[in-house]
Enquirer: 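So that we are looking at the same thing, I have put the structure below in structure tokens.
These values consider heavy atoms only, across backbone and side chains, with no hydrogens, waters or symmetry-generated copies.
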Amino acid sequence: MAAAGHVPVMLDEVLALVDATPGQTIVDCTAGAGGHLAAFAERVGPTGRVIALDRDPRAHQPDAAGGVAARFADRVTLVQAPFSAVRVALDEVGVERADALFADLGVSSLQLDEPERGFSFRSDAPLDMRMDTTSGETAAELIRRLDERELADVIYLHGEEHKSRRIARTLKREQPTTTAGLAEAVIHAVGDPRVARRGGGIHPATRTFQALRIAVNRELDELDELLAALPSVLRPGGRAIVLSFHSLEDRRVKLRFRSEGYTALTKRPQVPSDAEMLRNPRARSAKLRAALVDVVDAGRRAP
Ligand SMILES: C[S@@+](CC[C@H](N)C(=O)[O-])C[C@H]1O[C@@H](n2cnc3c(N)ncnc32)[C@H](O)[C@@H]1O
């Protein structure tokens, strides 16, 4: 069992694409609450290995992936590391090449549902948003450090928010330090279209929250580094499976698989069934892509 309340997204589809068999080595780059991780551990059996990464210390606790790692201590190794350190992390635990690598790029329920993490504007909390709470700059500090133009670029590029300039100007003026303060500042900047729509539509701060979260956690750079590391992590013909939650991520995965000439296992991205979307609203924007990393470039391989 993974943490209570967390439902792994597209679990059956992910398992079919990972296609783990007893004795294999799987890398789960996003251990989170341990939902996918537990299923991989069952499939590789006692002779296999799962190396699980998560940069968030919260994922390492006993009610999350930490508990799954303890339950399958004979085969699961849980490491606190970012995607960008995946090769180093594997060296440290003595793994040369894996059969499959999986990444579930969303924010975990553990992060969203704990108000003090500052990922959600449903409750008021310090404006933090760091996945790795032990290092780096919080969202409030990022807003303070960037100048208005840089902040507008972040909101436009990472949030696809067309009113980014107006929002950046207001954020620099109001310098919010809480999630409620950020949500109010965005409403001060652009109004609240939900009033006219009688409550319908997304909160006007949704895209700004997404943009700041991506910037605070360097999410797109981290994803690029993970995709670049695939040939040094996987055996030739190994499987890369990525579950993404917005178009900026999905586009990167699609283009990288294509430009490297990998054999696609999903011609189009797979999406959750209607039943899963009803059961688990967080699955709604999921897109699943997989490829065989079967083009070997000796120059880029680890020695
Ligand atoms: C959607 S959750 C994973 C949920 C998990 N598959 C499950 O079933 O419980 C994503 C997790 O990946 C972690 N994460 C995101 N980006 C990361 C990165 N660049 N390096 C390491 N961990 C990352 C987050 O901290 C979060 O715990």
Enquirer: Please tell me if the side chains of Glu150 and Asp147 come closer than 4.5 Å, counting only heavy atoms from C-beta onward.
Expert: yes

Enquirer: State plainly whether the residues Arg256 and Glu260 are in salt-bridge range, i.e. N to O under 4.0 Å.
Expert: yes

Enquirer: Please give me the minimum heavy-atom distance between Ser244 and Leu105, naming the atom from each residue.
Expert: CB-CD1, 3.9 Å

Enquirer: Determine whether Leu234 and Ile51 fall in the same hydrophobic cluster, where Ile, Leu, Val, Met, Phe, Trp and Tyr are linked whenever their side-chain heavy atoms lie under 4.5 Å apart.
Expert: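 In one cluster with Leu234: Ile51, yes.
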
Enquirer: Could you go through the side-chain hydrogen bond (donor to acceptor under 3.5 Å, both in side chains) check for Thr21 and Arg43 one step at a time?
Expert: CA-CA 6 Å; Thr21 53; Arg43 276 163 183 70; over 6 Å; no

Enquirer: Could you tell me the separation between the CG atom of Leu37 and the CG atom of Leu78, rounded to the nearest 0.5 Å?
Expert: 7.5 Å

Enquirer: Taking the side chain as everything from C-beta on, heavy atoms only, tell me whether His158 gets closer than 4.5 Å to Thr208.
Expert: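 Side-chain contact under 4.5 Å: no.
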
Enquirer: Could Arg58 and Glu114 be called an ion pair, given the rule that one side-chain N must be under 4.0 Å from one carboxylate O?
Expert: yes

Enquirer: Can you tell whether the side chains of Asp250 and Lys254 come within less than 4.0 Å, N to carboxylate O?
Expert: no

Enquirer: Working to the nearest 0.5 Å, report the span between CZ of Phe83 and CG of Asp224.
Expert: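 These two atoms lie 11.5 Å from each other.
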
Enquirer: Calculate, to the nearest 0.5 Å, the distance between atoms CG and CD belonging to Leu227 and Glu249 respectively.
Expert: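 CD of Glu249 is found 10.5 Å from CG of Leu227.
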
Enquirer: Distance-only, no hydrogens or angles: does the Thr206 side chain make a donor-acceptor pair with backbone N or O of Ile202 under 3.5 Å?
Expert: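 No, the answer is negative, given that no donor and acceptor are paired below the 3.5 Å cut-off.
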
Enquirer: When you compare the side chain of Thr134 with that of Pro57, does any pair of heavy atoms fall below 4.5 Å?
Expert: yes

Enquirer: Checking the side chain of Asp294 only, and the main-chain atoms of Pro236 only, is there a donor and an acceptor separated by less than 3.5 Å?
Expert: no

Enquirer: Can you measure from CD (Gln24) to CZ (Arg239) and round to the nearest 0.5 angstrom?
Expert: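 Gln24 atom CD to Arg239 atom CZ measures 8.5 Å (nearest 0.5 Å).
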
Enquirer: Heavy-atom distance under 4.5 Å between the side chains of Arg130 and Arg117, does that happen here?
Expert: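 Side chain of Arg130 against side chain of Arg117, heavy atoms only: no contact under 4.5 Å found.
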
Enquirer: If you look at every heavy atom in Ser232 and Arg87, which pair is closest and at what distance?
Expert: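 Heavy-atom minimum between the residues: O-NH1, 2.7 Å.
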
Enquirer: Does the side chain of Leu288 come within less than 4.5 Å of Pro269's, by heavy atoms?
Expert: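 When only atoms from C-beta onward are counted, Leu288 and Pro269 do not touch, as no gap falls below 4.5 Å.
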
Enquirer: Would you find a donor on one side and an acceptor on the other, under 3.5 Å apart, between the side chain of Gln175 and the backbone of Lys172?
Expert: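 Checked: pair present.
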
Enquirer: If you measure from the Lys or Arg side-chain nitrogens to the Asp or Glu carboxylate oxygens, is any gap between Asp128 and Arg213 under 4.0 Å?
Expert: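 No, Asp128 and Arg213 are not salt-bridged.
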
Enquirer: Going by heavy atoms in the side chains, are Val7 and Arg279 under 4.5 Å from each other?
Expert: no

Enquirer: What distance do Leu292 atom CG and Thr263 atom OG1 have between them, rounded to the nearest 0.5 Å?
Expert: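 It is 5.5 Å, given to the nearest 0.5 Å.
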
Enquirer: Determine, using the 4.5 Å side-chain heavy-atom cutoff (strictly less than), whether Val93 and Val86 are members of one ILVMFWY cluster.
Expert: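 Both belong to a single hydrophobic cluster.
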
Enquirer: Determine the minimum heavy-atom distance between Ala125 and Pro115, stating which atoms define it.
Expert: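 Shortest heavy-atom separation between Ala125 and Pro115 comes out as CB-O, 2.9 Å.
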
Enquirer: Could you see if Leu53 belongs to whatever hydrophobic cluster contains Leu223? Use Ile, Leu, Val, Met, Phe, Trp, Tyr and a side-chain cutoff under 4.5 Å.
Expert: yes

Enquirer: Do you know the tightest heavy-atom contact between Ile241 and Ala290?
Expert: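 Heavy atoms of Ile241 and Ala290 come nearest at CG1-CB, 3.9 Å.
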
Enquirer: Membership question, hydrophobic clusters at under 4.5 Å side-chain separation (ILVMFWY): are Leu17 and Leu11 in the same one?
Expert: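 Hydrophobic grouping puts Leu11 with Leu17.
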
Enquirer: Which residue pairs satisfy the salt bridge (Lys or Arg N to Asp or Glu O under 4.0 Å) criterion with at least one member in residues 151-170, sequence neighbours excluded?
Expert: Glu148-Arg169, Glu160-Arg251, Glu161-Arg207

Enquirer: Evaluate Asp91 against Glu96 for side chain to side chain contact (heavy atoms under 4.5 Å, CB included), listing each step before the verdict.
Expert: CA-CA 7 Å; Asp91 287 340; Glu96 179 103 11; over 6 Å; no

Enquirer: Quick check on the hydrophobic clustering: are Leu15 and Val68 connected, directly or via other members, by side-chain heavy-atom contacts under 4.5 Å?
Expert: yes

Enquirer: Begin with the C-alpha distance, continue with both residues' side-chain angles, and end with the deciding distance and a verdict on side chain to side chain contact (heavy atoms under 4.5 Å, CB included) for Thr179 and Ser120.
Expert: CA-CA 7 Å; Thr179 51; Ser120 164; over 6 Å; no

Enquirer: Kindly say whether Ala98 contributes a backbone atom to a donor-acceptor pair with the side chain of Thr25 at under 3.5 angstrom?
Expert: no

Enquirer: For the residue pair Glu225 and Ser84, what are the closest heavy atoms and their distance?
Expert: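 So the minimum-distance heavy-atom pair works out to OE1-CB, 2.9 Å.
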
Enquirer: Test side-chain hydrogen bond (donor to acceptor under 3.5 Å, both in side chains) on Asp56 and Gln111; report intermediate values, then the result.
Expert: CA-CA 9 Å; Asp56 184 349; Gln111 292 162 340; 2.8 Å; yes

Enquirer: Could you give the distance from CZ (Arg49) to CG (Leu90), rounded to the nearest 0.5 Å?
Expert: 9.0 Å

Enquirer: Does some side-chain heavy atom of Pro272 sit less than 4.5 Å from a side-chain heavy atom of Arg284?
Expert: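 They are not in contact (no side-chain heavy atoms under 4.5 Å apart), so the answer is no.
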
Enquirer: Flag the pair Gln270 / Lys287 as yes when at least one side-chain heavy-atom distance between them is below 4.5 Å, and no otherwise.
Expert: no

Enquirer: Could you go through the side chain to side chain contact (heavy atoms under 4.5 Å, CB included) check for Gln80 and Asp132 one step at a time?
Expert: CA-CA 9 Å; Gln80 192 187 339; Asp132 178 356; 3.8 Å; yes

Enquirer: May I ask you to list the residues sharing a hydrophobic cluster with Leu127, side-chain cutoff 4.5 Å, ordered by chain and number?
Expert: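 Members alongside Leu127: Val107, Leu112, Phe119, Phe121, Met129, Met131, Leu142, Ile143, Leu146, Leu151, Val154, Ile155, Ile167, Leu171, Leu182, Val186, Val190, Phe209, Leu212, Val216.
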
Enquirer: Relative to each other, are the rings of Phe102 and His36 parallel, tilted or perpendicular (30° and 60° limits)?
Expert: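 Plane angle between 30° and 60°, so tilted.
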
Enquirer: Could you check whether any side-chain N or O of Arg75 sits under 3.5 Å from a backbone N or O of Gly48, counting only pairs where one atom can act as donor and the other as acceptor?
Expert: no

Enquirer: One pair to check against side-chain hydrogen bond (donor to acceptor under 3.5 Å, both in side chains): His188 and Glu174. What are the steps and the verdict?
Expert: CA-CA 10 Å; His188 294 159; Glu174 298 191 10; 2.9 Å; yes

Enquirer: Evaluate the side chain to side chain contact (heavy atoms under 4.5 Å, CB included) criterion for residues Asp99 and Arg235: first the C-alpha distance (whole Å), next the side-chain angles of each, then the deciding distance (0.1 Å), finally the verdict.
Expert: CA-CA 6 Å; Asp99 297 289; Arg235 65 168 167 76; 2.7 Å; yes

Enquirer: So, for Ala286 and Val271, which heavy atoms are closest and what is the spacing to 0.1 Å?
Expert: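 Answer, listing the atom of Ala286 first, then Val271: O-CG1, 3.8 Å.
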
Enquirer: Does atom CG of Asp274 have more than 12 heavy-atom neighbours, drawn from other residues, nucleotides or ligands, at distances under 6.0 Å?
Expert: no

